[in-house]
Amino acid sequence: MEQKKFDFNSIIGFALIFVIILWMMYNNRQDEVKDQDKAKTEKAAETKAKAETTKEVPQTIADTSVADSVKIQKLQGTLGSFAYSATLPSAKENFTTIENELMVLKVANRGGYIAEATLKNYKKFDKNSKELVELIKKNNASFNLQLLTKDNRVLNTKDLFFEPTLTTVDGNQVLSMKLKSSANAYLEYKYVLKPKDYMLDFDIRSQGLNTALNTSKPADFQWDMKTYRNEKSIAYENRYAEIVFEYEDGKDDYVGQGKDKEETPEKVTYIAYKQHFFTSILLTKTPFASAKLKSNDLVNDENIDTTFTKEFKTTSALAFANGELDYKMNWYYGPSDYKILNEYDRNLDEIIPLGWGIFGWINKFIFVPLFGFLGTFMGLGIAIIVFTILIKIAMSPITFKSFLSQAKMKVLRPEIMEIGEKFKKDPMKKQQETMKLYNKAGVNPMAGCIPALIQIPFMYASFQFFPSAIELRQKGFLWADDLSSFDEIVKLPFYIPVYGDHISLFPILASIAIFFYMKMTSGDQMMAQPPQDGMPDMGKIMKIMIYLSPVMMLLFFNNYGSGLSLYNFISNLITIGIMLVIKKYFINSDKIHAQIQENKTKPKTEGKFQKKMREMMEQAEEQKKLQNKKK
């Protein structure tokens with residue numbers, strides 16, 4: 001094997017490499033020194049620049065002031081004296097929040113009006129939703145005061161910035177929103193929110209603006225709102241959404257529903273934008289001289305238009321007094337609850353549609369207190385049942401008189417038919433003889449009608465009461481999740497006109513109950529009422545009604561609140577039960593017949609009404625004889 005020899009050339013190569021490495025290390029070191037020197041130089045230059053900049057700050061501030069002056073002059077060209085408000089720190093898109101245990105209100109700097117109103121204790125659509133009821137949000141409402149300046153500018157407060165100041169006075173939150181024309185001249189909206197109250201004070205006043213504004217003309221204001229849908233059925237909710245207002249004399253009225261409805265009342269003390277179960281109200285202690293109220297239905301197709309129900313607009317004016325505005329008002333944002341509204345003693349309970357005349361009295365003095373009492377210690381579904389039982393028991397004497405009258409008429413029917421056959425060619429004589437028979441038998445043919453008429457107001461009152469009872473909202477019973485809305489058990493894949501796209505069970509039960517009730521009573525009514533010449537055949541009408549009434553209830557009640565359907569179901573069941581008991585234990589046809597025959601033998605004193613009817617018939621008979629003689 002050949003041995004390796006020492007290579008001198010390799011030694012020279014390694015030496016050259018070593019020298020090159022040393023040279024590179026030396027150059028790198030020089031570069032680092034240069035970099036350090038450069039960094040020190042740059043740092044010194046930066047420090048010097050900062051020092052020079054600091055010295056120039058006063059000059060920069062002076063330049064900004066010049067720019068602000070130019071800005072103010074430009075704003076004065078469009079806003080006049082109110083350009084001052086646009087230069088304040090508050091002249092930005094911001095909000096001030098005031099709240100109590102019941103609601104949260106956010107007031108916008110721009111416009112100074114309430115931009116959000118949220119109710120803490122109420123959920124949208126159903127009780128399990130996590131969405132609170134928001135009456136105002138996302139610019140669905142605005143309040144604007146139009147101001148006319150002395151140099152003929154027209155300014156809208158909704159476009160101008162107010163300066164907020166929030167304080168607490170005696171436990172009340174006081175928010176002052178000022179639109180300033182100078183440090184001491186302004187238009188102020190003052191909101192005062194009390195604890196546990198849906199009503200807040202709202203004052204509009206001005207100070208020192210008589211030099212800036214043309215006060216010879218009133219300041220026009222406009223209050224607009226598009227009402228959000230909050231309930232499960234938008235069609236049912238929309239039926240009860242309307243503008244209600246009150247005159248100075250205490251009379252209330254409303255703007256009709258539908259497309260582009262309008263009213264122009266005078267001397268108005270409050271205006272309410274009523275939804276089904278919630279209300280936004282503007283009240284004033286100084287009545288508005290006149291107002292233009294507009295209502296427009298926004299639901300053209302309830303499958304598409306599902307966000308808003310109605311659009312409401314109010315236009316009125318605020319008069320100046322001694323060159324200034326000074327109006328004491330109130331806002332109410334809360335539930336359409338009869339008890340809450342009634343406590344304010346401002347006639348606000350009239351906003352709840354409980355019916356007019358006797359129907360309203362029944363609701364206010366019987367239904368509202370009785371149902372309210374029952375609802376304090378039992379579930380509302382049970383309360384409806386107990387409520388219905390109590391009403392029916394109270395009405396049972398009237399029901400008894402009605403059935404008794406029908407039984408008497410049924411016993412007399414053969415004799416009435418005999419008279420009708422005997423005098424069929426002489427209607428007047430037939431009527432006279434029939435009246436004589438009634439008088440001898442001691443039977444009043446109107447006795448069966450009067451009790452039925454007495455029950456009608458209670459029935460109609462229930463149709464007003466249950467849809468207005470906010471207590472039922474989102475309260476469940478059996479399969480119904482919400483007694484204030486329909487109790488859907490089947491969702492249909494198609495829509496049936498009038499009926500809807502679902503099947504509700506309580507209307508079906510109520511329809512079945514009313515069918516059997518009418519089936520049981522129609523026979524007695526037809527037997528009790530003898531046929532009358534020239535009158536429609538009541539027998540045929542009753543046969544039609546037996547089937548028509550349940551079908552109508554089934555169709556129309558399918559989208560109504562299940563509480564009302566439950567009431568009608570229980571009401572008809574109880575009526576059927578009372579009728580069966582009366583027929584079995586209290587009414588005996590043989591005894592009634594015997595009593596009538598006995599009455600015929602007794603001398604009768606002719607009443608004033610009967611005497612008057614007899615005299616009228618006799619006069620008619622005499623006139624008829626005279627006419628026949630002339631012929």
Side-chain angles (χ1 to χ4, degrees), residues 355 358-375 378 380-412 442-466 469 506 509-529 542 545-546 549-550 553 563-593 595-596:
I358 188 172
F359 313 116
W361 300 339
I362 290 171
N363 277 323
K364 290 179 181 180
F365 302 116
I366 298 177
F367 283 12
V368 170
L370 177 59
F371 189 75
F373 170 74
L374 294 173
M378 64 179 67
L380 292 183
I382 300 298
I384 291 176
I385 295 173
V386 175
F387 172 83
T388 311
I389 292 172
L390 293 176
I391 294 296
K392 283 298 176 181
I393 290 175
M395 300 292 290
S396 58
I398 297 174
T399 305
F400 174 77
K401 287 184 178 181
S402 179
F403 287 145
L404 181 60
S405 177
Q406 288 181 14
K408 289 180 179 180
M409 293 294 292
K410 184 178 178 181
V411 169
L412 281 178
V443 174
N444 184 355
M446 299 298 295
C449 300
I450 294 174
L453 291 174
I454 293 174
Q455 295 184 66
I456 288 176
F458 285 84
M459 180 185 68
Y460 182 79
S462 70
F463 280 84
Q464 297 292 106
F465 171 73
F466 284 102
F506 276 129
L509 296 175
S511 299
I512 293 172
I514 197 172
F515 171 79
F516 283 106
Y517 165 71
M518 296 196 71
K519 191 78 172 175
M520 295 173 68
T521 58
S522 61
D524 289 341
Q525 291 174 350
M526 286 186 287
M527 289 297 294
Q529 297 295 330
M542 291 305 301
M545 291 302 297
I546 289 173
S549 295
M553 176 165 283
L564 180 59
S565 298
L566 173 61
Y567 170 81
N568 279 279
F569 170 55
I570 300 299
S571 177
N572 286 314
L573 279 184
I574 295 172
T575 303
I576 291 171
I578 291 174
M579 183 179 65
L580 292 173
V581 170
I582 290 174
K583 282 186 173 183
K584 185 173 182 179
Y585 297 104
F586 295 96
I587 294 180
N588 187 306
S589 297
D590 294 334
K591 290 183 178 180
I592 292 173
H593 184 269
Q595 183 64 48
I596 288 175

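Because only heavy atoms are used, hydrogens play no part in the values below, and waters and symmetry mates are left out as well, while side chains stay in.
- To the nearest 0.5 Å, atoms CG (Leu566) and OG1 (Thr388) are separated by 6.5 Å.
- The two residues Pro397 and Ala394 make their nearest non-hydrogen contact at CD-O, 3.4 Å.
- Interatomic distance, OH of Tyr460 versus CG of Asn363, reported as 10.0 Å (0.5 Å rounding).
- For Ile362 against Ala461, the heavy-atom pair with the smallest separation is CG2-CB, 3.8 Å.
- Judged as a side chain to side chain contact (heavy atoms under 4.5 Å, CB included), and not counting sequence neighbours, the contacts of Asn572 are Ala513, Ile514, Tyr517.
- What you find for Pro550 and Ser511 is that their closest heavy atoms are O-OG, 3.1 Å.
- With rounding to the nearest 0.5 angstrom, the CZ atom of Phe359 is 9.0 Å from the CE atom of Met459.
- In plain terms, the two heavy atoms of Leu564 and Ser462 that are nearest each other are CD1-O, 3.6 Å.
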Open item on the list: Please evaluate residues Tyr567 and Phe466 with respect to the criterion ring-ring contact (aromatic ring centres under 6.0 Å, His included), reporting the C-alpha separation (whole Å), side-chain torsions for both, the decisive distance (0.1 Å), and the verdict.
Closed with: CA-CA 9 Å; Tyr567 170 81; Phe466 284 102; 5.0 Å; yes
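- Between the Ser571 side chain and the Asn568 main chain, no donor and acceptor come within less than 3.5 Å of each other.
- The distance from the OG1 atom of Thr575 to the CZ atom of Phe516 is 15.5 Å, given to the nearest 0.5 Å.
- Qualifying ring-ring contact (aromatic ring centres under 6.0 Å, His included) partners for Phe367, counting only residues two or more places apart in sequence or in other chains: Phe387, Phe465.
- Within the model, atoms CZ of Phe458 and NZ of Lys392 stand 10.5 Å from one another, a figure rounded to the nearest 0.5 Å.
- For the pair Leu509 and Leu573, the minimum side-chain heavy-atom distance is 4.5 Å or more.
- By the side chain to side chain donor-acceptor pair (under 3.5 Å) test, Ser565 is found to be paired with no residue, residues two or more places apart in sequence or in another chain being considered.
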- [ ] Might you work through the side chain to side chain contact (heavy atoms under 4.5 Å, CB included) test for Ile578 and Ile393, ending with a clear yes or no?
- [x] CA-CA 9 Å; Ile578 291 174; Ile393 290 175; 5.9 Å; no
- [ ] Please lay out, stage by stage, how Val368 and Lys364 fare under the test side chain to side chain contact (heavy atoms under 4.5 Å, CB included).
- [x] CA-CA 5 Å; Val368 170; Lys364 290 179 181 180; 5.6 Å; no
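- From Ile389, atom CD1 reaches atom CD1 of Ile574 across 4.5 Å, with rounding to the nearest 0.5 Å.
- Annotation for Ala510 and Met553: closest pair CB-SD, 3.4 Å, computed over non-hydrogen atoms.
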Task: Stepwise side chain to side chain contact (heavy atoms under 4.5 Å, CB included) test for Phe371 and Ile384 - done: CA-CA 8 Å; Phe371 189 75; Ile384 291 176; 3.7 Å; yes
